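Every chain is numbered from 1 and lettered A, B, ... according to where its sequence line falls, protein lines coming before strand lines. Note that the structure is a prediction, hence the values are computed from the model and not measured.
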Amino acid sequence: MTTLTTVTVVGASLAGLHAARGLRSLGYDGRLVVVGEERHRPYDRPPLSKEFLTGDCDPGEGPGRLALTDPEEEAELDAEWLLGVPAEALDTAAGEIRLAGGRALRTDGVVIATGATPRTLPLPRLDGVHTLRTLDDATRLRAALRADAARVVVIGAGFIGAEVASSCAALGLDVTVVEAAPLPLVPQLGEEMARVCAGLHARGGATLLCGTGVEGWRGSGRVTGVELTDGRVLPADVVVVGVGVRPVTGWLEGSGLALDDGVRCDAGCVTALPNVVAVGDVARLAQPGTARTVRAEHWTSGMLQGAVAARNLLAGSTVEPFEALPYFWSDQYGARIQYAGRRAPGDTVRILEGDPADGGGFLAVYERGGISTAALGVDRPRPFMRLRRELARAPQPAGR
Amino acid sequence: MIPVCRIENLPEGESMRVEAGDATATIAVFHTDGAFYAIDDTCSHQDASLSEGWLEGCYVECPLHAALFDLRSGEPTCLPARKPVRTHAVTVVDGMLYVHPAVRTVPGEPVHAAPEEAVA
Ligand SMILES: Cc1cc2nc3c(=O)[nH]c(=O)nc-3n(C[C@H](O)[C@H](O)[C@H](O)COP(=O)(O)OP(=O)(O)OC[C@H]3O[C@@H](n4cnc5c(N)ncnc54)[C@H](O)[C@@H]3O)c2cc1C
Ligand code: FES
């Protein structure tokens with residue numbers, strides 16, 4: 001075990017904050033620096049596609065209700081916050097992080113928590129075309145939706161796209177969702193349940209167009225429409241591109257760390273260097289017992305990995321693997337979707353409660369060879385939670 | 001004072017949601033560990049309904065992000081919740097369960113299901 005005197009957390013959001021909390025709660029009393037590219041203190045992202053867009057109260061300037069910390073906790077954390085400054089490079093040999101503007105920070109422990117950033121389409125930038133990841137993005141989108149938008153086109157029907165579409169529909173706007181795949185969310189939910197979730201769009205009053213891509217924008221300066229690959233043109237006042245994210249690892253090029261759609265680390269968030277850990281959306285963890293690696297883009301993983309990584313960083317090696325069952329939730333068109341576990345193609349689905357066909361809530365379990373692999377609930381919080389607990393305790397099919 | 005239900009209609013391990021009238025929030029009433037408890041229904045973290053949470057001893061786990069609340073004090077025992085939820089006093093009179101919105105419970109004095117143990 002080495003003794004760390006300065007730990008720098010790069011990325012001042014959910015996973016980085018929880019790593020900082022973890023370090024302090026485990027007794028780390030050295031210097032703690034948190035570097036964040038955004039000018040805001042850590043805030044919660046999930047509401048950005050939901051209540052934040054639909055709510056009528058003025059969101060104000062800063063994170064306000066979305067803040068993940070308060071002054072009291074910040075005092076307890078006793079960290080130096082360097083906000084509005086991106087880290088540009090990590091020199092592991094010199095034990096230095098270089099920040100924009102030329103400043104270098106000496107550090108002997110590093111938490112990489114730079115998250116992910118939206119993928120974009122290879123098309124020119126036009127006013128009225130948005131992506132949604134940050135509070136500033138959401139503030140701009142919120143204003144645009146309230147300006148004089150009537151028609152919104154959402155590109156991509158993943159969870160974020162579906163939530164944005166749902167929020168726009170709730171605001172009374174005319175919404176069309178364009179999805180390149182024949183059916184959205186199949187990799188996440190499997191075909192049967194993906195079909196049920198896709199049905200939520202129509203029920204919420206949005207139009208879902210599947211199996212067509214985007215050819216280009218209409219309009220000069222400002223977007224007026226979306227040209228689809230099938231030749232159709234959708235008029236639009238606002239376009240939201242929600243076609244997935246990529247982990248933010250560019251600043252680590254040349255650091256010697258293994259980068260492969262995320263920062264490669266062991267099952268305990270530790271990279272090849274024992275004093276460098278990675279957490280949250282940017283971390284690609286080894287999966288014990290398999291040759292596979294996993295990168296989660298879920299809120300709960302970000303929160304829980306911070307604590308695990310803090311312990312392993314202080315211990316100097318992985319003494320605790322990150323083992324939590326994957327879990328995420330999504331709110332769409334008044335329905336709360338909850339999913340936990342690891343389904344694989346070919347798993348069968350059994351409905352335990354409710355009937356997906358009648359549009360109400362239901363609870364489904366995914367199974368393989370008689371063993372439950374995952375659970376999906378729509379508006380069934382309590383029984384879903386029971387199943388989630390059972391899954392967390394149950395043995396998983398080999399190789400999961 | 002708001003009538004909740006007859007005590008036989010809220011068996012051990014169950015919960016119920018009651019509207020506490022305009023100014024006050026929705027309240028979740030639980031029967032667990034041989035006693036009745038009432039707390040604000042909305043999780044102090046976000047907007048999940050704690051009456052739909054998982055009961056374990058004197059604790060309820062939020063159904064959305066799994067923060068655990070002590071039903072006796074309303075205090076969260078783990079993240080992501082950091083603020084307590086309000087607790088409300090409950091009484092049993094002639095087999096009928098009542099909550100008293102905004103009257104804080106005294107920690108350590110749970111109201112048991114047996115009517116003779118009821119406190120007014
Ligand atoms: C709109 C939206 C809705 C969501 N809804 C849900 C949901 O309902 N359920 C769910 O489970 N998950 C949801 N998520 C996902 C969840 O928010 C993420 O999994 C979580 O935020 C990941 O946390 P993180 O700290 O790893 O990364 P992030 O939150 O992305 O934070 C990374 C931070 O690092 C900063 N950064 C990046 N590069 C640098 C650099 N070089 N130097 C310094 N700082 C840098 C970024 O500015 C950012 O603040 C949602 C996400 C979004 C965007
Ligand atoms: S809403 Fe209860 S823990 Fe998040």
Side chain, backbone, both or neither: which part of A/Pro383 has a heavy atom under 4.5 Å from chain B?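 Answer is neither: A/Pro383 stays 4.5 Å or more from chain B.
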At a heavy-atom separation under 4.5 Å, does A/Asp70 approach chain B through its side chain, its backbone, both, or neither?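 Both the backbone and the side chain of A/Asp70 come within 4.5 Å of chain B.
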Heavy-atom proximity to chain A below 4.5 Å, by part of [X]:
X       : value
B/Gln46 : side chain
B/Ser15 : both
B/Cys62 : backbone

Should the heavy atoms of other residues, nucleotides or ligands under 6.0 Å from CD of A/Glu72 be counted, would the total exceed 12?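 Count not over threshold, so no.
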Give a yes or no on this: more than 12 heavy atoms of other residues, nucleotides or ligands lie within 6.0 Å of atom CZ of A/Arg311.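 Count not over threshold, so no.
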Test item: A/Arg382 side-chain N/O and B/Ser51 main-chain N/O as donor-acceptor pair under 3.5 Å: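 Indeed, once roles are kept as given, a pair shorter than 3.5 Å links the two residues.
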Could you walk me through whether B/Asp47 and A/Lys50 pass the salt bridge (Lys or Arg N to Asp or Glu O under 4.0 Å) check? CA-CA 12 Å; B/Asp47 65 346; A/Lys50 311 176 178 80; over 6 Å; no
If you measure from CD on B/Glu52 to CG on A/Asp379, what distance do you get to the nearest 0.5 Å?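 The distance works out to 8.5 Å.
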Straight-line distance of A/His18 NE2 to B/Leu79 CG, nearest 0.5 Å: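 Nearest 0.5 Å value for the NE2-CG distance: 5.5 Å.
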Hey, which of A/Glu51, A/Arg65, A/Met303 has the most heavy atom pairs under 4.5 Å with chain B?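 Ranked by heavy-atom pairs under 4.5 Å with chain B, first place is A/Met303.
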Among A/Tyr327, A/Phe384, A/Trp299, which residue has the highest count of heavy-atom pairs closer than 4.5 Å to chain B?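 Max contact count across the listed options: A/Trp299.
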Smallest separation among heavy atoms of B/Arg82 and A/Leu68, with atom names: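 Minimum heavy-atom contact is NH2-O, 3.2 Å.
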Any idea which heavy atoms bring A/Arg388 and B/Leu64 closest together, and the distance?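 A/Arg388 and B/Leu64 have their closest heavy atoms at NH1-O, 4.4 Å.
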With a 4.0 Å cut-off, would you call A/Arg389 and B/Glu56 a salt bridge?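 Yes, A/Arg389 and B/Glu56 are salt-bridged.
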